There are 2 protein chains.
Amino acid sequence: MKKYSREEARKIINELLVEIFNRILAIEGQNLKDKGIKLSMSEVHVLEAIELTEEPTMSNIAKRLGITIGSLTTAINTLYQKGYVLRERDPEDRRKVVVGLLPKAEDVLKEHDSFHEEMIDSIFEEMELEKDELLIESLDKLSSYFKK
Amino acid sequence: MKKYSREEARKIINELLVEIFNRILAIEGQNLKDKGIKLSMSEVHVLEAIELTEEPTMSNIAKRLGITIGSLTTAINTLYQKGYVLRERDPEDRRKVVVGLLPKAEDVLKEHDSFHEEMIDSIFEEMELEKDELLIESLDKLSSYFKK
DNA sequence: TCAAATAGTTTGAACTTCAAATTATATTTT
DNA sequence: AAAATATAATTTGAAGTTCAAACTATTTGA
């Protein structure tokens with residue numbers, strides 16, 4: 001197996017961060033366009049965060065996304081305008097606003113998910129990653145590391 | 001070893017894409033702030049691209065960054081104002097503009113590089129990634145895959 | 001009760017990016 | 001060589017994302 005120096009490791013991770021990550025986002029964005037979905041990737045990320053957040057209040061969603069609540073408010077405003085989400089005050093605590101996904105949003109997420117699924121399949125096939133289990137395990141660790 | 005389903009693999013990669021990379025970018029941005037460097041991450045990426053591009057003309061740099069030449073022009077305008085880069089017409093082909101890094105920019109890149117180095121070291125140490133060679137190999141393949 | 005804490009929204013500003021129009025230079029065609 | 005075309009970059013106007021700070025509404029705690 002090829003031996004990687006720390007220097008090369010740094011270079012590869014740097015590449016992933018500044019080039020590959022942006023490229024994947026661009027590909028995903030193009031896919032949305034092709035499918036006639038008029039949403040930016042940030043908007044899709046907001047929808048994903050709503051779906052994945054246990055109690056989807058403004059604060060909780062913003063925290064998950066790593067943006068301020070104010071930023072999220074403007075994002076939700078446009079998603080509401082476009083008919084992707086609904087928002088209502090929590091009757092238990094009327095300071096809170098609970099955000100929900102409308103069917104239109106579920107469709108987009110399903111579409112986006114299956115695109116992701118295909119992308120990952122094609123990565124594993126074309127990369128001839130025999131050790132893909134180990135890759136996923138490593139990525140999982142990487143992911144956990146940064147979540148702490 | 002834990003067995004990962006394709007579903008879990010997708011979830012982990014998705015997490016990396018939408019959460020972890022943004023978090024790393026935020027951490028790097030914070031580091032710049034802490035060091036008193038008044039540049040955004042996008043500006044640092046432009047500097048990196050200039051450094052890494054063989055013939056650093058506007059077109060070549062923009063291509064590497066995956067942005068339009070117009071966008072790069074505005075980015076270079078402010079970097080020039082701030083004293084990080086110089087720009088001059090190519091005497092061979094006066095349509096071209098060649099961009100160069102000033103010492104101030106080299107310093108920032110050095111700073112940023114060493115931060116990266118430390119981050120990677122700490123990842124490998126704290127994650128107890130015995131199989132880090134394989135992780136890097138896999139990331140390398142991943143990176144190559146998306147560069148095609 | 002009333003002060004402090006919490007949850008969201010609004011506003012104004014900065015930054016990033018793009019598309020389209022424009023300028024300048026180089027290359028190709030006639 | 002002149003005209004047309006292609007290439008390289010800049011400018012302009014608009015849209016999207018984000019933040020910080022000021023503000024409103026509601027709840028909690030002393």
Side-chain angles (χ1 to χ4, degrees), chain A residues 18 21-23 25-26 29-30 32-33 37-50 53 55-82 84-100, chain B residues 18 21-23 25-26 29-30 32-33 37-50 53 55-82 84-100:
Chain A
V18 303
F21 172 52
N22 282 324
R23 194 157 319 184
L25 279 185
Q30 188 56 51
L32 291 177
K33 229 182 204 167
I37 296 168
K38 288 190 183 23
L39 288 180
S40 67
M41 281 309 296
S42 354
E43 289 175 313
V44 174
H45 288 160
V46 173
L47 296 181
E48 283 183 316
I50 296 168
T53 301
E55 195 205 2
T57 60
M58 296 300 286
S59 298
N60 289 342
I61 299 163
K63 193 175 176 190
R64 168 161 225 126
L65 287 167
I67 61 176
T68 62
I69 306 174
S71 301
L72 182 60
T73 295
T74 67
I76 295 290
N77 282 345
T78 68
L79 286 171
Y80 178 77
Q81 289 287 342
K82 294 180 181 174
Y84 286 92
V85 302
L86 52 82
R87 58 202 326 187
E88 54 188 21
R89 291 278 166 184
D90 180 346
E92 305 285 298
D93 183 343
R94 294 191 38 73
R95 289 171 304 180
K96 295 182 182 173
V97 168
V98 181
V99 183
Chain B
V18 304
F21 283 154
N22 280 325
R23 193 157 318 184
L25 280 184
Q30 188 56 51
L32 292 177
K33 227 182 207 168
I37 296 169
K38 288 191 183 26
L39 287 179
S40 66
M41 281 309 294
S42 357
E43 289 176 313
V44 173
H45 288 161
V46 172
L47 297 180
E48 283 183 316
I50 295 168
T53 302
E55 194 206 3
T57 60
M58 295 301 286
S59 299
N60 289 342
I61 299 164
K63 193 176 174 188
R64 168 163 227 125
L65 288 167
I67 61 176
T68 61
I69 306 173
S71 301
L72 182 61
T73 295
T74 65
I76 295 291
N77 283 345
T78 67
L79 286 171
Y80 178 76
Q81 289 287 342
K82 294 179 181 174
Y84 287 92
V85 302
L86 52 83
R87 60 202 325 188
E88 54 188 21
R89 292 277 166 184
D90 179 346
E92 305 285 299
D93 183 343
R94 292 192 38 74
R95 291 171 304 179
K96 295 182 183 172
V97 168
V98 181
V99 183

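In what follows, chains are A, B, ... by sequence order, proteins preceding strands, each numbered from 1. Atom set for the values below is all heavy atoms of this structure, side chains included, hydrogens, waters and symmetry mates excluded. Remember, it's a predicted structure, so these values are computed and weren't measured experimentally.
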Between [N] atom [atom2] and [X] atom [atom1], what is the distance in whole Å?
X     : N      : atom1 : atom2 : result
B:L72 : C:dT17 : CG    : C1'   : 12 Å
A:L65 : C:dG8  : CG    : P     : 14 Å
B:L39 : C:dC15 : CG    : C1'   : 13 Å
B:R87 : D:dT11 : CZ    : C1'   : 12 Å
B:M58 : C:dT25 : CE    : P     : 17 Å
B:K63 : C:dT17 : NZ    : P     : 19 Å
A:K96 : C:dT6  : NZ    : P     : 12 Å
A:N60 : C:dG8  : CG    : P     : 7 Å

Contacts of A:D90 that satisfy side chain to side chain donor-acceptor pair (under 3.5 Å) - sequence neighbours left out: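 With neighbours one apart ignored, the set is empty.
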For A:T68, side chain to side chain donor-acceptor pair (under 3.5 Å) partners two or more places apart: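 Here the qualifying residues are A:S71.
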Close side-chain approach of A:V46 to A:Y84, heavy-atom, < 4.5 Å: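 No. Closest side-chain heavy atoms not under 4.5 Å.
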Contacts of A:S59 that satisfy side chain to side chain contact (heavy atoms under 4.5 Å, CB included) - sequence neighbours left out: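 Expected list: A:T57, A:I69.
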Sugar-phosphate or base contact per nucleotide [nucleotides 13-28 of chain D; S, B, -; heavy atom under 4.0 Å]: ----SBBS-----BS-
Counterpart residues, salt bridge (Lys or Arg N to Asp or Glu O under 4.0 Å), relative to B:K82 (two or more places apart):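 Per chain and number, B:K82 pairs via salt bridge (Lys or Arg N to Asp or Glu O under 4.0 Å) with B:E43.
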Any residue meeting salt bridge (Lys or Arg N to Asp or Glu O under 4.0 Å) with A:E55, in chain and number order, not counting sequence neighbours: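 By the salt bridge (Lys or Arg N to Asp or Glu O under 4.0 Å) rule, A:E55 matches A:K96.
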